[in-house]
Amino acid sequence: MYDTLAKLLAEEFGIEKDRITPRSTSRELELDSLSMAELAVIVTDLTGVRLEDVDLSLDLTLGEIADRFEAALRAPDGLQVAGSAAPTW
């Protein structure tokens, strides 16, 4: 999941790849809460799992955010979005 997030941050948000590390925080990458909500929507579109309830504090590292997304994807009560595919990473 971290690799997917890193790719999205570079391609969709224009963040330089050398700034993106598992230890980088959202705040350090100059992402705000709206950007994090947008990232959650993109991940939802990719995975088919709704991630609205994942805590995306700006002080979390990308590694921690990836772990939270992975946990939400594995959760038995994860809500599948109708017509979406299962995760492929």
side-chain hydrogen bond (donor to acceptor under 3.5 Å, both in side chains) pairs touching residues 33-43, sequence neighbours excluded, are Asp32-Ser35
The reported gap from CG in Leu58 to CG in Leu31 (rounded to nearest 0.5 angstrom) is 8.0 Å
Residues at least two apart in sequence or cross-chain that pass side-chain hydrogen bond (donor to acceptor under 3.5 Å, both in side chains) with Asp59, listed by chain then number, are Arg27
Q.
In the structure I gave you, are the side-chain heavy atoms of Thr25 and Leu62 within less than 4.5 Å of one another anywhere?
A. no
Look only at the side chain of Glu12 and the backbone of Leu9, and say whether a donor-acceptor pair between them is shorter than 3.5 Å. no
CD1 (Ile42) and OG1 (Thr4) are apart, to the nearest 0.5 Å, by 12.0 Å
Here the gap from Met1 atom CE to Leu8 atom CG, rounded to the nearest 0.5 Å, amounts to 8.5 Å
Between the CZ atom in Arg68 and the CD atom in Glu70, the distance rounded to the nearest 0.5 Å is 13.0 Å
In terms of heavy-atom contacts, Ile20 and Tyr2 come closest through O-OH, 3.4 Å
Shortest non-hydrogen pair, Ser26 vs Ile65, comes out as OG-CD1, 3.4 Å
Between the OG1 atom in Thr44 and the CZ atom in Phe69, the distance rounded to the nearest 0.5 Å is 7.5 Å
Contacts satisfying side-chain hydrogen bond (donor to acceptor under 3.5 Å, both in side chains) that involve residues 14-23 (not counting sequence neighbours) are Thr21-Ser24
